[in-house]
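Note: hydrogens, waters and symmetry copies are ignored here, and every other heavy atom, side chains too, is used.
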Amino acid sequence: MRSNGGSGESASTQSPRNPSSQKAERPPVLKKFKAIEPDDPRHTPHFPGPLFPAVRRVTSLPPSSNRRASFDTDADKPSSVGDVTASNLNNIDVVNSLSDRDWMYPSFLGPHAARNRVVTVKAASRQPIRGGGERLVDRVESKVVDEKQQSNTPVNKEEVKIVASQVSTTMTERSSVSSWSARRILRMKLKRYFIFSVIIFSCIYPLTYVIHLRNKVERLEVENINLRRWCSETDVSNYNNEVLQPEDDSSYKIFGNADSKTVALYTVMFTLMMPFVLYKCLDYLPQIKIISKRTKPNKEEVPLKKRIAYMVDVCFSVYPYAKLLALLFATIFLIGFGGLALYAVTDRSLTEALWLSWTFVADSGNHADSIGIGPRIVSVSISSGGMLIFAMMLGLVSDAISEKVDSLRKGKSEVIEKNHMLILGWSDKLGSLLKQLAIANKSVGGGVVVVLAERDKEEMEMEIAKLEFDFMGTSVICRSGSPLILADLKKVSVSKARAIIVLATDENADQSDARALRVVLSLTGVKEGLRGHVVVEMSDLDNEPLVKLVGGDLIETVVAHDVIGRLMIQCALQPGLAQIWEDILGFENDEFYIKRWPELDGMQFEDVLISFPDAIPCGVKVAADNGKIILNPDDSYVLKEGDEVLVIAEDDDTYSPGPLPEVRRVSFPKVPELPKYPERILFCGWRRDIHDMIMVLEAFLAPGSELWMFNEVTEKERERKLIDGGLDISGLENIKLVHREGNAVIRRHLESLPLETFDSILILADESLEDSVVHSDSRSLATLLLIRDIQSKRLPYRDTKSTSLRLAGFTHSSWIREMQQASDKSIIISEILDSRTRNLVSVSRISDYVLSNELVSMALAMVAEDKQINRVLEELFAEEGNEMCIKPAEFYLFDQEELCFYEIMIRGRQRQEIVIGYRLANSERAIINPPKKSEQRKWSLDDVFVVISSGS
């Protein structure tokens, strides 16, 4: 026979659950232990492990072998339907047995003696009405008896008695605890009621006593008057004493009787007591309502005090004038009831009492003349309330003024402007952009520029003040807000702006373009519509079509990376072009303008070219072709009605057509263009649009040229990025890619390159550092200085025959030669992002440089003034079509020939070029749109001319 759970019973004594021949698997039953007395001779099993010695304690209950059997028998029988009480009491033995042992002590560790615990019996579904403890004990006994009858096993009556006693003890303890807590709550309630009653009594008793004394005084006065009247009628006194009469007070007539002062006193006291009474009774009003409606109380219902406090809070938060109205009501209340109190305790009329109450409220020192205890108490109370009200009024006024000042200081007020320039965002280009816009508005006496950015207004104004630039009448207004919120856009009058500029952020290109796209979506959602166009600064050329798709015709994009990349290539191939672009893009000198001149209709372009003494025509905007701008048109093109002329002039009001000058049209022998020679160019760094720069070089360079790429990107990764950008590496015909891997700020890496053999070196702002302008410029400057130092040390070993062949034809161009051989080194074009680095670059004796941020700001300002100029810039920066070039003087004149500038322009037309300026051999800067074009002067072959060429 196998032992069953240590109970000592055989498994055969238990009734089987399944009558089948196979042994049914029993559900797991909570194992029990059997308590062993100290004198029990039987062997006590121990856990064999070394960490858990068997620990046994003597239980308070005798061992029972029938409890387990009874429990198992009931578990095997199906429960009867509806016998909820029986099912609840069926677990008493199990609870009792579990109470005799420690919680979670496993039975397989050996016998374990339990300590006495309080037995918790689950209550039945129906609670007994009375005598619950006795009935529960009876039901326990009856349940055990029933179990005895069902299982046919003897039941230990002592265990039943012990269980019943534990149950009764538990019920007694519960009842004692509940009665003690109920008495404690009752004492607290009685204590609160006592305190409240004392307060009410202290308020009512003096009032009642005062009323009693006043009535007694009135009765004595009446008796005194009657006594004097009786004495007067009986001539008791020999003197002519006046009969005392009650004072005639006009205020009595208000109430219609002589007790008006008493009524006023009652009214004041009742009104002062009501708030205290209501405050104490607010929590009982819902209970009274529930009792009256005979409904069940809702435990989740919010107390009335909290609801009232919440309503007051919402009222003060939603309605801005709620505090002021509450203060006004409190003032009127204090004056009114203070006047009634003064009327009740003094001999003044009601109107005089109200006026006196107002004086006490307005000036707290007026109550010093009060006589008597009652008037003094009332006057001091009114004066105290007046001081409190004026303190609150002063606080409200101070808060209102502070809030208004903070609103103005933080830039939350609305901008009421029209025809202004609106800038959305903040970046390092803002300073140069504001400078260009101020110069552009100088001719009209200044304008208004509004800046909306997610920065503090004071911070923005401090940054602008650091520019130390004279805005020449232009006002710069800063507002703090987000361009993505329509309310902030309306705050800066976005619908009335003549142009909107969306600046790129300092984040990486994708994040910056994504934000620009969201800003454009916000602008398209303005209900009032937009009056002007939108100029969006983009960082990646691939994201430009999406922004134009969303914005439509109102959007003009300027891709900063693309503009700078193309400009760097042009400057590398033609030294000195950066200074010319700065003069044309900036508003300080000459720039592009488009305007219609009806008097020029019917004239050919060759005559229009010399019709402006203060401007140089460059193209025509054809009205018949949907406003298409044609740069460098044919001489035979005839201006039609509606056509506009594109010119380069100092300002839009400084030029106008004049009579045709007398110009000699002498043909000049056409000098053929010099053939292109292979070149070697070095790229230091990696840009995200480097594939576009390679495509531009493919169009400009001669076959056999080499492009060395030196950066930290691996060769396989470079090829993958170039292919993803759309570059067909195998299809390159003019240039050959040479890959070198290394760090441009490590000297030994740079020394591995043949730096003395390159015709041009372009130091690019690396893609990995595009988030940090200062770090990128520092890296570019360090690379520049290292390359210059390495070149200077290798100069003695440099082969003089390795000079670039592209300058072989420019034998008479000393300026270009000086730019190429500055310090006997090759041309270095460094991409500088911060304008503050310009002075550092100039100290390093660089032959040419590109100031990225400033050039982009100039382009943004020019497109903002006239969005049509964007078409001109796109064509001039493209690898196809017209381009800006520097040509030697031998293409247009002979040495020491005396010509006027008009004649040189006419000779340039023979080469399908428009001459827009020149640079003399002994000058430092080029002159664009020179004055006195009709004046004759001698020219040298060392001079150079700036032209717009068709590139054919």
Exercise. Would you check if there is a donor-acceptor pair between the side chains of R748 and N743 at a distance under 3.5 Å?
Key: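 Side chains of N743 and R748: no pair found under 3.5 Å.
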Quiz item: For residues E544 and T557, is any side-chain donor paired with an opposing acceptor at under 3.5 Å?
Solution: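 Per modelled atom types, E544 and T557 side chains form a pair under 3.5 Å.
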Hey, is the main chain of [Y] close enough, under 3.5 Å, to the side chain of [X] for a donor-acceptor pair?
| X | Y | answer |
| --- | --- | --- |
| R680 | W708 | no |
| E880 | A699 | no |
| D943 | A921 | yes |
| E556 | A864 | no |
| E913 | G908 | no |
| H533 | V863 | yes |
| S857 | S432 | no |
| Q436 | M858 | no |
| D590 | E650 | yes |
| D513 | M538 | no |

Find the distance between [atom1] ([X]) and [atom2] ([Y]) and round it off to the nearest 0.5 Å.
| X | Y | atom1 | atom2 | result |
| --- | --- | --- | --- | --- |
| I829 | L573 | CD1 | CG | 9.5 Å |
| I423 | L437 | CD1 | CG | 5.5 Å |
| S776 | E767 | OG | CD | 11.5 Å |
| I681 | I694 | CD1 | CD1 | 11.0 Å |

Quiz item: Less than 6.0 Å separating the ring centroids of F894 and F668?
Solution: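 Yes - the distance between ring centres of F894 and F668 falls below the 6.0 Å cut-off.
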Quiz item: Are Y918 and W939 an aromatic pair by the rule of ring centers under 6.0 Å?
Solution: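 Close enough - the centres of the two rings lie under 6.0 Å apart.
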Practice problem: Determine, step by step, whether I584 and I916 satisfy the side chain to side chain contact (heavy atoms under 4.5 Å, CB included) criterion, reporting the C-alpha distance in whole Å, the side-chain angles of both residues, the deciding distance to 0.1 Å, and the verdict. | Solution: CA-CA 10 Å; I584 292 179; I916 63 174; 4.0 Å; yes
Quiz item: Between E756 and K793, is there a salt bridge with N-O shorter than 4.0 Å?
Solution: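 Salt bridge absent between K793 and E756.
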Exercise. Could you tell me whether E606 and R909 make a salt bridge, using a distance below 4.0 angstrom between a side-chain N and a carboxylate O?
Key: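 No.
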Quiz item: Any chance CE of M884 has more than 12 other-residue heavy atoms, nucleotides or ligands included, within less than 6.0 Å?
Solution: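 It does: M884 CE has more than 12 such atoms within range.
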Self-check item: D553 CG: over 12 foreign heavy atoms closer than 6.0 Å
Solution: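 Counting other residues, nucleotides and ligands, CG of D553 stays at 12 neighbours or fewer.
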Quiz item: Testing D540, D766, D562 for salt bridge (Lys or Arg N to Asp or Glu O under 4.0 Å) with R688, which one passes?
Solution: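 Testing each of D540, D766, D562 against R688, the sole residue satisfying salt bridge (Lys or Arg N to Asp or Glu O under 4.0 Å) is D540.
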Quiz item: When you look at I914 and F605, which way does the side chain to side chain contact (heavy atoms under 4.5 Å, CB included) test go after all the steps?
Solution: CA-CA 11 Å; I914 299 178; F605 184 75; 4.2 Å; yes
Exercise. Walk me through it: do Y593 and E591 pass the test side chain to side chain donor-acceptor pair (under 3.5 Å)?
Key: CA-CA 7 Å; Y593 292 100; E591 54 274 355; 2.4 Å; yes
Exercise. Not counting sequence neighbours, list each pair that qualifies as a side-chain hydrogen bond (donor to acceptor under 3.5 Å, both in side chains) and has a residue in residues 732-742.
Key: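 Checked against side-chain hydrogen bond (donor to acceptor under 3.5 Å, both in side chains) - neighbours excluded - the pairs reaching residues 732-742 are R718-H739.
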Exercise. Compare all side-chain heavy atoms of E712 with those of E717 and state whether any distance is below 4.5 angstrom.
Key: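 Contact flag for E712/E717 side chains = no.
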Quiz item: So, do S949 and K887 sit near enough that their side-chain heavy atoms are less than 4.5 Å apart?
Solution: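 The answer is yes, as the side chains (C-beta and beyond) meet within the 4.5 Å cut-off.
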Exercise. Applying side chain to side chain contact (heavy atoms under 4.5 Å, CB included), run through L727 and M695 and close with a yes or a no.
Key: CA-CA 8 Å; L727 179 65; M695 295 174 65; 3.7 Å; yes
